[in-house]
Number of protein chains: 2
Amino acid sequence: MKNHTETHTSHTRVPVSECSLAKAIRVVGDMWSLLILREVICGAERFDQIREDLGITRSVLSNRLARLVQEGILERYQYRDSGQRARKGYALTAKGHALFPVVIALREWGGEHLEPGNTPLRLQLQTRDGLRVETKLIREDGLEVTDMTDIIATVKE
Amino acid sequence: MKNHTETHTSHTRVPVSECSLAKAIRVVGDMWSLLILREVICGAERFDQIREDLGITRSVLSNRLARLVQEGILERYQYRDSGQRARKGYALTAKGHALFPVVIALREWGGEHLEPGNTPLRLQLQTRDGLRVETKLIREDGLEVTDMTDIIATVKE
DNA sequence: AATCTGAGTCTTTATTAAAGACTCAGGTGG
DNA sequence: CCACCTGAGTCTTTAATAAAGACTCAGATT
């Protein structure tokens, strides 16, 4: 609970149009795009696979995939499983992979603050050899930040 | 570019309804909510302040603030600056502060992948005593993950 | 040749957002 | 005390998006 007599930290004004956080939010900060990324990370690669898992409509999925490809976050490719016809798939590019810290942080936050008691099955993000991975906030001096209220926004130009 | 003859990692199916990542996306994974969080982190506290900075309509702002308060991410309080009338403000709760890793990771991604050349002024997230803060992916064994393609999704039940 | 599938597009209807007028309470100035 | 201003919204109308589901079209499959 905030103390209403405390002196307020001054308002850091970075115009939305020039803020890389705001830009990132405009590019990937929408529900369907994020859910689609989750699907691709989980290994879904085909249009209908994603659509069935998410219950998204074809038109919106088509639209979002196009945007994600255009932004260079996903790439579209063709593949052919042996004995199967050629198909099209979507996969993360390097730029898409670079979103892992965001996704993992979101996953952690959801797991810690949104779970309603029991958790039957949990999505884990780990290395190929089975090591758990988690995000940490590290200060310039190498120490981990544990108290989030110690973090403030400023403008460096 | 993905090799189209590689064996595909199997599809990890966690129903959207039971996935803490998907839940987190549904709660904070929308553009306006994220932009509002950015504003509050930047020190905006009043309704009209946020509205002017973001150019969001009153009705949507009202709606999103109510949702964020209801989710326990923001709290509404009253304050009175000396010589001023009493006003209402919004501030991060502990649950809201816990989103810092997500926000900082997004900020980093935006800065690295979305900047169009020159960056006049940059939003920085740092400690109160001026130390830069960044997110890192740390493996169970303490090492940092640098190659994102080494991370895969699995289900642990 | 007829059918099936994947990967969409198109059309219609329902939801959500934008623009901007209106409300209402607390404080201020004359 | 009365008229006016401001903060913090609500309400109404119009425009943009999303949902539901029919339709398309090309490459396999029977």
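Because the structure is a prediction, the values reported are computed rather than measured. To find a chain, count down the sequence lines: A is the first, B the second, and so on, and within it residues start at 1.
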Quickly work out the [X] [atom1] to [N] [atom2] distance and round it to whole Å.
X     : N      : atom1 : atom2 : result
A:F47 : C:dT9  : CZ    : C1'   : 9 Å
A:Q84 : C:dG6  : CD    : P     : 9 Å
B:D48 : D:dT6  : CG    : C1'   : 8 Å
B:L61 : C:dA18 : CG    : P     : 11 Å
A:R87 : C:dA7  : CZ    : P     : 7 Å
B:R80 : D:dG7  : CZ    : P     : 14 Å
B:L35 : C:dA18 : CG    : P     : 11 Å
A:E45 : C:dG6  : CD    : C1'   : 13 Å

Counting only side-chain nitrogens and oxygens, does [X] get under 4.0 Å of the OP1 or OP2 atom of [N]?
X     : N     : result
B:R76 : D:dG9 : yes
B:S62 : D:dG9 : no
B:Y90 : D:dG7 : no

Regarding [X], tell me which of base, sugar-phosphate or nothing describes its non-hydrogen contacts under 4.0 Å with the strands shown.
X     : answer
A:T57 : base
A:R58 : base
B:R51 : nothing

Tell me yes or no: between the side chains of B:H97 and A:D147, is some donor less than 3.5 Å from an acceptor?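 No, no side-chain donor-acceptor contact under 3.5 Å.
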
Is there a donor and acceptor pair closer than 3.5 Å between the side chain of A:R85 and the base of D:dT29?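 No pair found.
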
Would A:K23 and B:E115 pass as an ion pair if we require N to O under 4.0 Å?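 Looking at A:K23 and B:E115, the cut-off is met.
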
Any side-chain heavy atom of A:Y79 within less than 4.5 Å of one from A:E45?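 Sidechains of A:E45 and A:Y79: in contact.
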
